[in-house]
Amino acid sequence: MKKSTILLLLCTVVCLAGSGCYSPKPIPQAYFAQDLEMGVTVGRCPETAQMRDSGQGGLIGAMVTAGRAGKMKEAMEGIIGDTVKELVRQKFEAAIEDHFDVYEDGQLQTVIDIEQWGWFVPTTIAGIKTGSYQFTLSGMVTVTDKQVKKNKGKIGTCRIVAFESIGDKPTAAVSQEALLKCADKFAADAVAFLTKEQTTPSN
């Protein structure tokens with residue numbers, strides 16, 4: 001179980017990092033000494049849940065994964081992208097409120113782009129499953145300052161991957177509960193990284 005979970009995290013991070021130039025950056029310490037407000041929005045988000053595997057199964061593996069995707073869609077019936085966007089936004093706002101006042105037109109603006117939400121199953125040749133299903137939620141969080149022109153105002157960014165084990169035969173109840181847990185983890189991990197300079201002593 002632990003090996004498959006670590007494999008999931010490593011594979012996902014490598015895939016995401018390979019999508020373009022990316023360098024994580026927390027919000028500079030100076031921003032926490034000011035009484036600033038922050039707006040939070042969710043930009044891109046897949047409309048429906050996405051099924052992924054380890055990508056080593058070839059054509060047969062793709063066919064097997066397509067069959068598993070049908071089960072995932074049944075389990076996630078009624079959950080759409082807008083639902084996920086609102087859930088993640090609320091969770092992030094609740095977590096960031098310990099550091100900034102949340103206000104729509106704040107000087108600081110956070111945009112969350114969700115790249116994937118849905119099931120992941122570790123597989124090998126021919127789509128053979130090698131571990132339990134995972135529910136995953138991944139995306140990019142970008143913080144900008146309206147008063148900064150350099151680099152389009154970007155002052156902080158991080159890519160987050162949250163995952164939750166959902167067993168060998170995921171049910172709708174387990175999958176939807178895992179979505180809630182992943183949204184909590186996503187928000188907590190993003191805020192923890194973006195605000196880590198707040199408690200770091202200056203040199």
Side-chain angles (χ1 to χ4, degrees), residues 8-10 12-47 49-50 79-118 134-164 176-203:
L8 160 68
L9 181 59
L10 291 176
T12 308
V13 169
V14 169
C15 290
L16 292 177
S19 63
C21 182
Y22 163 65
S23 179
K25 178 183 178 183
I27 299 171
Q29 187 180 41
Y31 280 92
F32 299 101
Q34 307 174 54
D35 187 17
L36 297 176
E37 296 173 334
M38 174 184 287
V40 179
T41 57
V42 179
R44 298 189 302 274
C45 179
E47 182 61 21
Q50 297 173 321
I79 308 297
I80 60 174
D82 285 346
T83 305
V84 177
K85 289 170 71 171
E86 182 62 16
L87 175 63
V88 172
R89 185 189 63 80
Q90 290 181 5
K91 296 294 186 180
F92 186 89
E93 284 188 352
I96 202 69
E97 279 180 336
D98 289 335
H99 308 274
F100 298 99
D101 292 328
V102 176
Y103 185 71
E104 184 177 354
D105 295 324
Q107 177 181 327
L108 304 183
Q109 291 292 313
T110 294
V111 176
I112 303 168
D113 288 313
I114 298 171
E115 296 165 337
Q116 190 257 343
W117 61 279
Q134 307 280 335
F135 194 96
T136 67
L137 174 64
S138 62
M140 175 74 81
V141 183
T142 304
V143 183
T144 58
D145 181 349
K146 289 181 178 180
Q147 297 184 6
V148 174
K149 294 183 179 180
K150 183 179 179 181
N151 197 25
K152 297 182 179 180
K154 186 186 297 183
I155 61 168
T157 184
C158 61
R159 194 171 250 133
I160 300 296
V161 181
F163 55 93
E164 185 76 16
Q176 293 175 24
E177 179 65 22
L179 170 59
L180 296 176
K181 291 180 179 180
C182 282
D184 275 326
K185 290 180 179 180
F186 184 96
D189 290 350
V191 170
F193 177 82
L194 290 170
T195 63
K196 68 179 185 177
E197 293 294 322
Q198 185 174 16
T199 55
T200 302
S202 58
N203 294 325

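Computed from a prediction, not measured in an experiment: that's the story for all the values here. Note: hydrogens, waters and symmetry copies are ignored here, and every other heavy atom, side chains too, is used.
Residues that satisfy the salt bridge (charged side-chain N to carboxylate O under 4.0 Å, His left out) test with D113, not counting sequence neighbours, are R44. Taking F32 as the reference, F100 meet the ring-ring contact (aromatic ring centres under 6.0 Å, His included) condition, with sequence neighbours excluded.
How far CD1 of I27 is from OG1 of T110: 6.0 Å, rounded to the nearest 0.5 Å. With rounding to the nearest 0.5 Å, the separation of CG in L108 from OH in Y31 is 6.5 Å. In this structure, CE in M38 is found 10.0 Å from CG in D145, a value given to the nearest 0.5 Å. In this structure, CZ in F135 is found 9.0 Å from CG in L180, a value given to the nearest 0.5 Å. Note that the CD atom of Q109 and the CD1 atom of I155 stand 10.5 Å from one another [nearest 0.5 Å].
Between A162 and C182, the shortest heavy-atom contact is CB-O, 3.5 Å. Across every non-hydrogen atom of V111 and G43, the tightest pair is CG1-N, 4.2 Å. In this structure, C158 and M140 approach most closely via the heavy-atom pair O-SD, 3.3 Å. Closest approach of D105 to K146, counting heavy atoms only: O-NZ, 3.3 Å. The two residues W117 and C45 come nearest to each other via the heavy atoms NE1-SG, 3.8 Å. Pairing each heavy atom of G156 with each of L194, the nearest pair is C-CD2, 4.1 Å.
Residues F193 and V141 are not in side-chain contact: their nearest non-hydrogen atoms beyond the backbone lie 4.5 Å or more apart. Side-chain contact between K154 and K25: absent, with no pair of heavy atoms (C-beta onward) separated by less than 4.5 Å. Residues L137 and K185 fail the side-chain proximity criterion, which asks for heavy atoms closer than 4.5 Å. The shortest distance between side-chain heavy atoms of N151 and T144 does not fall below 4.5 Å. Counting heavy atoms from C-beta on, the side chains of I112 and F186 come closer than 4.5 Å.
T83 places no side-chain N or O within 3.5 Å of a backbone atom of I79 that could act as its donor or acceptor partner. Of the possible polar contacts, one joining the Q116 side chain to the Q50 backbone as a donor-acceptor pair under 3.5 Å is found.
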Side-chain donor-acceptor distances from residues 87-97 under 3.5 Å, at least two apart:
from: R89; atom 1: NE; to: E86; atom 2: OE1; distance (Å): 3.2
from: R89; atom 1: NH1; to: E93; atom 2: OE1; distance (Å): 3.1
from: R89; atom 1: NH1; to: E93; atom 2: OE2; distance (Å): 2.8
from: R89; atom 1: NH2; to: E86; atom 2: OE1; distance (Å): 3.3
from: R89; atom 1: NH2; to: E86; atom 2: OE2; distance (Å): 2.4
from: Q90; atom 1: NE2; to: E86; atom 2: OE2; distance (Å): 2.8
from: K91; atom 1: NZ; to: D184; atom 2: OD1; distance (Å): 3.1

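Residue E104 places its CD atom among 12 or fewer non-hydrogen atoms of other residues, nucleotides or ligands, all under 6.0 Å distant.
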